[in-house]
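Worksheet: one structure, shown below.
For ligands, and for the atoms within them, numbers begin at 1 and follow the listed sequence. Predicted, not measured: the structure shown is a model, and the values here were computed from it.
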Amino acid sequence: MSKRPIGIFDSGVGGTSIWKEINVLLPNENTIYLADSKHAPYGSKGESIITELSVKNTELLIDKGCKLIVVACNTATTNAIKTLRESYHIPFIGIEPAIKPAALQTKTKAVGILATKGTLSSALFYKTTDLFARNIRVIEQIGEGIVPLIESGEIRSEEMKSLLNLYLKPMLDAHIDYLVLGCSHYPYLTPLLLKLLPPHVKIIDSGEAVARQTKAVLERQNLLNTQITQTNNQFYSNGNPEIMAKLLGNVFNVDYLDF
Ligand code: DGL
């Protein structure tokens with residue numbers, strides 16, 4: 001049982017940023033990653049379609065023998081994880097924007113959050129913000145257009161730079177000192193964001209927290225792979241495998257799979 005893989009899915013290549021954190025913390029684990037790039041972006045879709053797509057990805061990972069599933073997508077987590085947990089007897093780990101740590105640490109009492117429309121309009125996001133950030137200003141910004149650019153490999157293009165400058169302006173005008181990256185695609189923008197943001201603004205994403213939570217749940221359920229053998233990491237994309245392979249440093253095979 002414990003040698004079975006961890007399944008990870010996202011609407012595309014973005015969740016590989018989460019896979020990397022999991023691989024650092026849990027190097028003995030076998031993994032299967034699904035990039036549903038054909039249906040990206042999820043962020044502009046409604047809750048029922050996001051849930052349908054999340055169910056499809058989950059069933060494929062369960063068919064492939066996964067012991068736990070990481071929903072490496074804020075949009076799918078905030079819209080569909082409740083249904084997934086109610087429908088399947090397998091542990092699910094989700095990812096949500098790191099509003100809580102930003103709210104606890106901000107000195108200017110203003111934090112920015114960049115996420116998809118699907119995440120920012122979800123009931124779960126509303127609940128988290130209401131719980132942890134009631135006394136601070138949260139400047140929300142939909143990252144319209146960012147995911148398609150990342151999906152086509154344009155991480156540092158002029159178009160990306162202009163979009164980010166546009167989205168950061170109201171946050172900087174509000175004197176944020178934390179920027180929360182509420183989409184698993186966005187950590188790939190950190191190098192560019194560091195150039196665009198003034199040095200006092202800190203960037204927070206949820207990747208490490210997801211990896212820690214994955215480890216904790218595997219430990220608790222006695223599912224950790226304790227055998228030190230060569231691990232098997234499989235990557236599947238129904239979009240362009242080459243773009244994903246590049247994000248993974250061209251050291252893993254990414255196979256095309258129609259799903
Ligand atoms: N990477 C996803 C997220 O974390 C989804 C982005 C999208 O497909 O719109 O929200």
Using a 4.0 Å heavy-atom threshold (strictly under), name the region of [X] that reaches ligand 1: side chain, backbone, both or neither.
X: V147; value: side chain
X: T75; value: both
X: D10; value: side chain

Nearest protein heavy atom to atom 1 (N) of ligand 1, by residue and atom, and its distance? H185 ND1, 2.7 Å
For atom 7 (C) of ligand 1, the protein heavy atom that lies nearest, with its residue and separation: Y42 N, 3.3 Å
Count the heavy atoms of every other residue, nucleotide or ligand shown that sit under 6.0 Å from CZ of R85, and state whether that count exceeds 12. yes
Is it true that K67 and E29 make a salt bridge, defined as a side-chain N closer than 4.0 Å to a carboxylate O? yes
Can you tell whether the side chains of E242 and K246 come within less than 4.0 Å, N to carboxylate O? no
What heavy-atom pair brings I146 and L164 nearest, and what distance separates the two atoms? CD1-CD2, 3.8 Å
Mutual orientation of the aromatic rings belonging to F252 and W19 [parallel < 30°, tilted 30-60°, perpendicular > 60°]: perpendicular
May I ask you to list the atoms of ligand 1 that are less than 4.0 angstrom from any heavy atom of S11? 1 (N), 2 (C), 5 (C), 6 (C), 7 (C), 8 (O)
What atoms of ligand 1 come within less than 4.0 Å of a heavy atom belonging to T116? 6 (C), 9 (O), 10 (O)
Looking at S206, G43, P187, C73, the heavy atom closest to atom 2 (C) of ligand 1 belongs to C73
Could you give me the CA-CA distance, side-chain angles and deciding distance for D36 and N238, then say whether side-chain contact (heavy atoms from CB on, under 4.5 Å) is met? CA-CA 6 Å; D36 192 13; N238 56 16; 2.7 Å; yes
Would you say ligand 1 has an N or O under 3.5 Å from any N or O of S44? no
Tell me whether T119 has any N or O atom under 3.5 angstrom from an N or O of ligand 1. no
Does K64 make a cation-pi contact with Y236 (under 6.0 Å, within 45 degrees of the axis)? yes
